[in-house]
Amino acid sequence: MFADFLKRLTQPEPDPLDDGDARLALTALLIRIARADGDFAPEERRQIESVITTRYVLDAEGAAKLMGNAAKLEIEAPDTVRFTRAIKDAVPYEDRLGVIESLWSVVLADGVRENEEDALLRLVANLLGVNDKDSALARQRVASAL
C-alpha cells in the first residue's frame, strides 16, 4: 500500500516530504515510539490522537483515518534511521523540537517510562538532530503539563 512512499523514503538522498507525507511519517513515528515497549496502551493511543488532532486541526474522522494509515505504514516502514531521516529533512529544527515534545507526550501518557521507549526516543532525537539537552527540556515541559 505504501510501496511508493517507502521507496522515496529509502532513497540515498530522499526528496523532502510534502505536508501529507510528513503528517503520515510523524504519526507513524509516534506509533512506533508507543509500540517500543510491546504495549500500545490506550492512553498512548489517545495521546497520539490528541497530538495529531491539535497539530493538524483534524476532526475525529480525519484523525482516525490518519492513525489507521500511519499504523499500517509503521509496520511496513524501514528501520528507524531512514524513517527518521525523512522527517528531519522535511521539518525545520524548531518544529523538530515540537516533534520531540509530541514523542515524549506519548512515552509519558501511560505514566510509565519504559527503557525501550527511552532508548528509542534518545535515538530518534539524535537522528532528528535534537541534542540531549533540548530533548530533556522538552520532556520536562511535557511532564509538567501532564
Side-chain angles (χ1 to χ4, degrees), residues 1-11 13-114 116-130 134-135 137-146:
M1 176 177 180
F2 299 103
D4 182 54
F5 177 78
L6 293 172
K7 183 178 176 186
R8 288 184 287 124
L9 186 70
T10 58
Q11 292 175 354
E13 304 236 355
D15 293 328
L17 299 175
D18 65 29
D19 187 57
D21 286 347
R23 288 178 182 204
L24 184 61
L26 173 58
T27 306
L29 186 59
L30 292 168
I31 291 170
R32 182 164 284 186
I33 202 90
R35 289 179 174 168
D37 63 354
D39 178 30
F40 192 6
E43 298 89 354
E44 293 169 327
R45 180 178 304 278
R46 283 192 297 274
Q47 183 60 34
I48 293 170
E49 289 170 353
S50 174
V51 166
I52 65 173
T53 299
T54 303
R55 188 177 193 100
Y56 304 126
V57 191
L58 299 173
D59 59 15
E61 183 179 327
K65 182 177 179 182
L66 179 56
M67 283 276 293
N69 286 335
K72 292 173 191 168
L73 175 63
E74 191 279 327
I75 291 167
E76 296 178 29
D79 62 89
T80 302
V81 173
R82 289 184 287 179
F83 193 53
T84 305
R85 181 182 64 194
I87 295 171
K88 179 182 179 185
D89 292 344
V91 178
Y93 185 80
E94 301 77 31
D95 293 336
R96 282 183 264 147
L97 291 175
V99 169
I100 295 299
E101 284 185 8
S102 296
L103 291 166
W104 275 118
S105 75
V106 172
V107 167
L108 300 174
D110 62 359
V112 181
R113 268 180 74 185
E114 298 288 350
E116 299 89 350
E117 293 170 325
D118 265 357
L120 182 57
L121 207 143
R122 278 194 308 274
L123 171 66
V124 167
N126 186 350
L127 293 171
L128 287 174
V130 174
D134 286 344
S135 178
L137 291 171
R139 177 183 42 79
Q140 290 169 3
R141 284 189 300 272
V142 169
S144 68
L146 297 175

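What you are looking at is a predicted structure, and each value in this text was computed from that prediction instead of being measured.
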Between [X] and [Y], which heavy-atom pair has the shortest distance, and what is it?
{"X": "Ile48", "Y": "Leu30", "value": "CD1-O, 3.6 Å"}
{"X": "Ser135", "Y": "Val130", "value": "N-CG1, 4.0 Å"}
{"X": "Glu74", "Y": "Ala28", "value": "CG-O, 3.4 Å"}
{"X": "Val106", "Y": "Ala34", "value": "CG1-CB, 3.6 Å"}
{"X": "Ile52", "Y": "Ala63", "value": "CD1-O, 3.6 Å"}
{"X": "Met67", "Y": "Ile31", "value": "O-CD1, 3.8 Å"}

Is the shortest heavy-atom distance from the side chain of [X] to the side chain of [Y] under 4.5 Å?
{"X": "Glu101", "Y": "Val51", "result": "no"}
{"X": "Asp118", "Y": "Arg139", "result": "no"}
{"X": "Asp134", "Y": "Ile100", "result": "no"}
{"X": "Glu117", "Y": "Leu121", "result": "no"}
{"X": "Leu58", "Y": "Arg23", "result": "yes"}

Gap between atom [atom2] of [Y] and atom [atom1] of [X] - 0.5 Å precision:
{"X": "Leu66", "Y": "Leu26", "atom1": "CG", "atom2": "CG", "result": "8.5 Å"}
{"X": "Leu73", "Y": "Thr27", "atom1": "CG", "atom2": "OG1", "result": "9.5 Å"}
{"X": "Arg141", "Y": "Leu97", "atom1": "CZ", "atom2": "CG", "result": "7.0 Å"}
{"X": "Lys88", "Y": "Asn126", "atom1": "NZ", "atom2": "CG", "result": "8.5 Å"}
{"X": "Leu29", "Y": "Leu128", "atom1": "CG", "atom2": "CG", "result": "7.0 Å"}

Checklist entry - Is there a side-chain contact (heavy atoms from CB on, under 4.5 Å) between Ile75 and Arg35 once you walk through the steps? => result CA-CA 10 Å; Ile75 291 167; Arg35 289 179 174 168; 3.5 Å; yes
Anything under 3.5 Å between a donor and an acceptor, one on a side chain of residues 38-46, the other on a protein residue two or more places apart or in another chain? List them.
unit_1, atom_1, unit_2, atom_2, d
Glu44, OE1, Ala41, N, 2.8

Checklist entry - Does Ser105 reach the main-chain N or O of Ser102 with its side chain, forming a donor-acceptor pair under 3.5 Å? => result yes
